[in-house]
J.: 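First the structure, which I've put down as structure tokens, then a few questions once you've had a look.
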Amino acid sequence: MSVHHGWYLLAFRSELTDEITPLAVGPRRLIAVREGERVRVLDASCPHRGAHLGYGGRREGDCVVCPFHGKRIGLGDPSKHWSVAEHRVLEWGDALFVRLSDDPDGDRGFERAVAGWAGEYPLVAAVSLPVDVPSEYVVENAFDPDHFKAVHGVPGNQGMATRVGEAGELVIEGRFLMQTSPWQDARTLEEIRWEAVRTGRVRWDYKPRFHAQAFSPNVVVTEFGPEAERQVIVTGSVPTADGGCVARVAIGVREDQRAALPALLGGSEKALAEDKVVWEHLDHDMAPRYDARDEPVLAFRSFCTDFSGGRHA
């Protein structure tokens, strides 16, 4: 299993409760080191004999003391005899992103995009869920228009066309067809449903914009809703050594939308649980028979291939 040169949603800050936390991207062993509000991500294997610094290592000054032989291991400091490499980190609200390569092609405009979102849409952790499926399937969902109706009950969508963005990110944009905002209170939603039953006519008055950008095979940011109600949904996945992954979703809303946040968090948890049932029962040995409706999925698959071309960390 290789580690690509793009971004990963590595963890939520709320998961990093200790000063040193062991983490991993596939076979790549990492540690997160908290320094006040700052979080650093470094390789975890001691360069002396390979002990994992996240299990029993302790911070001492600008070093981590190895739990095996007590050697002081520098943190991203090549001037020291013993040191571990440090990696590029991006923090956005509760979400911690990492890139394990200096290859500039791996950014795909993500850092600039986050700078535009972070101030107005601070991210709140919604769900973190282990899933027994290759990690790319998690982000692929944004590029699979038909699954929204079949799996999540979205009445329909329009457009949903893909294109390559100016920084090489993959974009899909369209509209959902709905009777009203799904974040209305339960009484309003029930009244709208009964009106449709009474009149025998369904009105698709709510057509929220769906605009998703994949910045790597493992990170997609979706802007959903009309401008006045727009929220930002970040979905990421981190491969695990057993071939599965950990899927994470975070939500960003403006300050004037905070009242909708509980429904968004609960909806994200429900949707990911629905996806998990499908993902974990896929037949990966069969040959897919794609049709014209799968063009966005195939565009995403091609996008992923560009990240597996030998530019790994």
Side-chain angles (χ1 to χ4, degrees), residues 7-17 32 34-39 89-98 107-129 138-139 141-142 148 152 154 165 167 169 171-176 178-192 205-215 218-237 247-273:
W7 288 100
Y8 293 92
L9 201 178
L10 182 63
F12 292 135
R13 289 178 62 93
S14 50
E15 297 172 319
L16 308 177
T17 56
R34 297 196 70 142
E35 296 180 344
E37 290 301 307
R38 181 190 179 199
V39 179
V89 164
L90 191 59
E91 297 182 62
W92 177 6
D94 198 34
L96 178 75
F97 302 87
V98 69
D107 180 62
R108 303 296 174 104
F110 186 57
E111 291 199 45
R112 184 176 64 179
V114 168
W117 282 310
E120 194 172 13
Y121 295 93
L123 289 184
V124 175
V127 58
S128 178
L129 185 68
V138 175
V139 170
N141 255 16
F148 290 112
H152 305 305
V154 174
E169 74 279 21
V171 182
I172 183 168
E173 186 169 17
R175 294 190 179 278
F176 280 12
M178 311 175 80
Q179 291 176 266
T180 187
S181 168
W183 319 123
Q184 298 274 14
D185 62 86
R187 180 176 179 179
T188 300
L189 290 171
E190 192 64 19
E191 288 175 352
I192 291 170
D205 292 335
Y206 189 70
K207 299 179 180 180
R209 174 177 179 256
F210 179 94
H211 181 270
Q213 299 174 79
F215 294 95
N218 298 90
V219 174
V220 62
V221 181
T222 302
E223 295 177 301
F224 182 78
E227 181 61 33
E229 303 174 20
R230 181 174 63 180
Q231 61 252 190
V232 174
I233 304 164
V234 180
T235 304
S237 59
R248 291 183 175 86
V249 179
I251 306 293
V253 297
R254 297 191 302 262
E255 185 61 34
D256 62 341
Q257 298 173 296
R258 297 287 295 182
L261 191 54
L264 288 164
L265 297 177
S268 297
E269 186 173 1
K270 176 178 179 291
L272 198 58

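From a predicted model like this one, the values you see are computed outputs, not experimental measurements.
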J.: Nearest 0.5 Å, what's the CZ-CD1 distance between Phe210 and Ile233?
T.: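 With rounding to 0.5 Å, CZ (Phe210) is 8.0 Å from CD1 (Ile233).
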J.: What residues form a side-chain contact (heavy atoms from CB on, under 4.5 Å) with Val39, not counting sequence neighbours?
T.: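 side-chain contact (heavy atoms from CB on, under 4.5 Å) check on Val39 returns Arg13, Leu16, Ala32, Arg34, Glu91, Leu96.
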J.: Kindly say whether His211 contributes a backbone atom to a donor-acceptor pair with the side chain of Gln213 at under 3.5 angstrom?
T.: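 Flag not set: sc Gln213 to bb His211 has no pair under 3.5 Å.
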J.: Tell me if a side-chain donor or acceptor on Arg248 pairs with a main-chain N or O of Leu10 at a distance below 3.5 Å.
T.: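 Present.
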J.: Does a donor on one side chain and an acceptor on the other come within less than 3.5 Å for Trp117 and Glu223?
T.: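 Result is yes, a qualifying pair exists.
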J.: On a heavy-atom basis, which atom in Pro262 and which in Arg258 lie closest, and how many Å separate them?
T.: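 Closest heavy-atom pair between Pro262 and Arg258: CD-O, 3.7 Å.
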J.: Does Glu111, at its CD atom, have more than 12 non-hydrogen atoms belonging to other residues, nucleotides or ligands within less than 6.0 Å?
T.: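 Above 12, so yes.
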J.: Please round to the nearest 0.5 Å and tell me the distance separating atom CZ of Phe224 and atom CZ of Arg209.
T.: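 The CZ atom of Phe224 sits 11.5 Å away from the CZ atom of Arg209.
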J.: To the nearest 0.5 Å, tell me how far Ile251 CD1 sits from Leu264 CG.
T.: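 Those atoms lie 5.5 Å apart.
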J.: Between Asp94 and Ala250 (side chain of the first, backbone of the second, donor and acceptor by atom type, cut-off under 3.5 Å), is there such a pair?
T.: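 No; judged by distance alone, with no hydrogens or angles, the pair does not exist.
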J.: Given side chains that start at C-beta, do those of Asn141 and Thr235 come closer than 4.5 Å, heavy atoms only?
T.: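 Side-chain contact under 4.5 Å: no.
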J.: Got a list of side-chain donor-acceptor pairs under 3.5 Å for residues 119-126, not counting sequence neighbours?
T.:
unit_1 : atom_1 : unit_2 : atom_2 : d
Tyr121 : OH     : Arg230 : NE     : 3.2
Tyr121 : OH     : Arg254 : NH1    : 2.9

J.: Over all heavy atoms of both residues, which pair between Ala214 and Val139 is shortest? Give the atoms and the distance, please.
T.: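 In this case the closest contact between Ala214 and Val139 is CB-CG1, 4.2 Å.
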J.: How about Phe215 and Trp7: are their ring centroids closer than 6.0 Å?
T.: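 Not under 6.0 Å, so no.
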J.: Could you tell me which non-hydrogen atom of Ile172 sits nearest to which non-hydrogen atom of Ala142, and how far apart they are?
T.: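 For Ile172 and Ala142, the tightest heavy-atom pair comes out as CG2-O, 3.6 Å.
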J.: Mind checking the OG-CG spacing from Ser128 to Leu9? Nearest 0.5 Å is all I need.
T.: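 Ser128 atom OG to Leu9 atom CG measures 9.0 Å (nearest 0.5 Å).
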